[in-house]
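Everything below concerns the one structure shown next.
Just so it is clear, the structure is predicted and the values come from calculations on it, not from any experiment. Order of the sequence lines sets the chain letters (A, B, ...), proteins ahead of strands, with each chain counted from 1.
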Protein chains: 2
Amino acid sequence: MAHDESPHDGWHCPAERTLEFLSGKWRPMVIYWLMDGPLRFNALQRRLGGVTHRTLSKTLKEMESDGLLSRRDYGEIPPRVDYSLTEKGRSLRPVLEAMAAWAEAGR
Amino acid sequence: MAHDESPHDGWHCPAERTLEFLSGKWRPMVIYWLMDGPLRFNALQRRLGGVTHRTLSKTLKEMESDGLLSRRDYGEIPPRVDYSLTEKGRSLRPVLEAMAAWAEAGR
DNA sequence: CAGCATCCGCGAGGATACTG
DNA sequence: CAGTATCCTCGCGGATGCTG
């Protein structure tokens, strides 16, 4: 982490990019709950306290297009869909653990 | 990281708390630039590409009251103030590094 | 059960100008 | 040089209701 002293315009620290994938009120928790395996929409919603259906729906779609999770539609009636972490999503584990450790230490 | 299957209401993952300290468009970069030592307001502003004076001012004040950094006023004319990381601020380093590593790996 | 459409409040962050 | 005050925009996330 070395840097000079001249003015910078477009520069940004690499951590920022990671933050983009983790910011969003529900994203960390979604990842957390999917760490153990796939969950259906409503199962996920029950685990997150108080997410709106619409909001969770949006969040999942965004995370899917970010490549963090994959959506599986069983094409059944009544509908059945589940969500699971992709490899990319799982690879965030160390990051979340570092954050958890910091939060833990901070008291 | 073990958890059951019953409905949860108030639960949240510990990483979220850490996120609160790091979210904010400029916070990660402020921490990054202060890692090497104190910087004066304008020096900091030059390093962050395109922050508004007002926005940086607000950001710094918030981070100060979060205990992440400390502000030192030299009481001179013209004004001279510099900002440096507190111990708490510096302790975020591993977290930022984990995030940086992930961003790095993600291509 | 899963998802979309519509409407809305609120706060983060930017533009600009002024002060000591 | 550092900080504050005012005004404004934009998008996140919530509330509610409808559909297959």
Side-chain angles (χ1 to χ4, degrees), chain A residues 5 7-13 16 19-34 38-66 68-84, chain B residues 5 7 9-13 16 19-31 33-34 38-66 68-84:
Chain A
E5 313 224 343
H8 289 254
D9 296 285
W11 195 89
H12 63 278
C13 93
E16 282 205 302
L19 225 30
E20 287 170 20
F21 289 88
L22 290 176
S23 12
K25 189 163 171 186
W26 304 100
R27 290 168 83 118
M29 287 184 67
V30 168
I31 295 175
Y32 176 86
W33 286 112
L34 290 181
L39 284 177
R40 298 182 58 174
F41 188 93
N42 280 352
L44 202 44
Q45 186 178 18
R46 272 188 299 273
R47 280 162 179 78
L48 314 174
V51 218
T52 302
H53 193 114
R54 175 197 177 277
T55 298
L56 179 56
S57 182
K58 256 185 88 181
T59 300
L60 292 173
K61 199 190 281 181
E62 289 164 5
M63 292 179 72
E64 190 192 0
S65 77
D66 281 349
L68 295 180
L69 49 84
S70 58
R71 186 189 115 105
R72 173 164 186 188
D73 188 334
Y74 291 83
E76 298 175 358
I77 299 288
R80 180 173 163 207
V81 173
D82 64 29
Y83 296 86
S84 54
Chain B
E5 314 223 342
D9 296 283
W11 194 89
H12 64 279
C13 93
E16 283 205 302
L19 226 29
E20 287 170 21
F21 288 88
L22 291 175
S23 5
K25 189 164 174 185
W26 304 102
R27 291 169 80 118
M29 287 185 66
V30 167
I31 295 175
W33 286 113
L34 291 181
L39 284 177
R40 297 182 60 175
F41 189 94
N42 280 351
L44 202 45
Q45 186 177 18
R46 271 188 301 272
R47 280 163 178 77
L48 313 174
V51 218
T52 302
H53 193 113
R54 175 195 177 278
T55 299
L56 179 56
S57 182
K58 254 185 86 180
T59 301
L60 292 174
K61 200 189 283 183
E62 290 165 4
M63 292 178 71
E64 190 193 359
S65 79
D66 281 349
L68 294 180
L69 50 83
S70 57
R71 186 189 116 105
R72 172 163 184 188
D73 188 335
Y74 290 82
E76 297 175 0
I77 299 288
R80 182 174 162 207
V81 173
D82 64 28
Y83 296 86
S84 54

Check the distance between [N]'s [atom2] and [X]'s [atom1] and give it to me in whole angstrom.
| X | N | atom1 | atom2 | answer |
| --- | --- | --- | --- | --- |
| A:His53 | D:dG13 | NE2 | P | 17 Å |
| B:Leu39 | D:dC1 | CG | P | 14 Å |
| B:Leu19 | C:dA12 | CG | C1' | 16 Å |
| B:Met63 | C:dA12 | CE | P | 15 Å |
| A:Lys25 | D:dG13 | NZ | P | 8 Å |
| B:Arg46 | D:dC1 | CZ | P | 7 Å |
| B:Glu20 | D:dC12 | CD | P | 19 Å |
| A:Asp73 | C:dA2 | CG | P | 10 Å |

Hits for salt bridge (charged side-chain N to carboxylate O under 4.0 Å, His left out) against A:Arg80, two or more places apart or cross-chain, chain-then-number order -> A:Glu76
Qualifying residues under salt bridge (charged side-chain N to carboxylate O under 4.0 Å, His left out), relative to B:Arg54, sequence neighbours excluded: none
Just to be sure I understand the rule, does A:Ser57 reach a base, reach only the sugar-phosphate, or reach nothing, if contact means heavy atoms closer than 4.0 Å? sugar-phosphate
Tell me what A:Tyr83 touches on the nucleic acid: a base, only sugar-phosphate, or nothing, going by heavy atoms under 4.0 Å. sugar-phosphate
Out of [options], which has the shortest distance to the side chain of [X]?
| X | options | answer |
| --- | --- | --- |
| A:Thr52 | D:dT16, D:dG13, D:dT4 | D:dT16 |
| A:Thr55 | C:dG14, D:dG14, C:dA2 | D:dG14 |
| A:Pro79 | D:dG20, D:dA2, C:dG14 | D:dG20 |

Nearest-nucleotide 5' precedence on DNA chain D, B:Phe41 against A:Trp26: B:Phe41
Contact nearer the 5' end of DNA chain D, comparing A:Lys58 with B:Ala43: B:Ala43
Pair B:Arg27, B:Glu62 - check salt bridge (charged side-chain N to carboxylate O under 4.0 Å, His left out), show working. CA-CA 10 Å; B:Arg27 291 169 80 118; B:Glu62 290 165 4; 3.6 Å; yes
Quick one: what's the B/S/- string for nucleotides 5-10 of chain D, heavy-atom cutoff under 4.0 Å, read 5' to 3'? BBB---
Identify, with sequence neighbours excluded, every residue that meets side-chain hydrogen bond (donor to acceptor under 3.5 Å, both in side chains) alongside B:Ser84. B:Ser70
Apply ring pair (Phe, Tyr, Trp, His ring centres under 6.0 Å) to B:Tyr83 and list each qualifying residue two or more places apart in sequence or on a separate chain. none
Say you draw a straight line from OG1 of B:Thr59 to CG of B:Leu68; how long is it, rounded to the nearest 0.5 Å? 12.0 Å
Test side-chain contact (heavy atoms from CB on, under 4.5 Å) applied to B:Lys61 - qualifying residues, sequence neighbours left out: none
Using a cut-off of less than 4.0 Å, is there contact between a side-chain N or O of A:Arg40 and OP1 or OP2 of C:dC1? no
Quick one: is C:dA2 close enough that its OP1 or OP2 comes under 4.0 Å of any side-chain N or O from A:Arg80? no
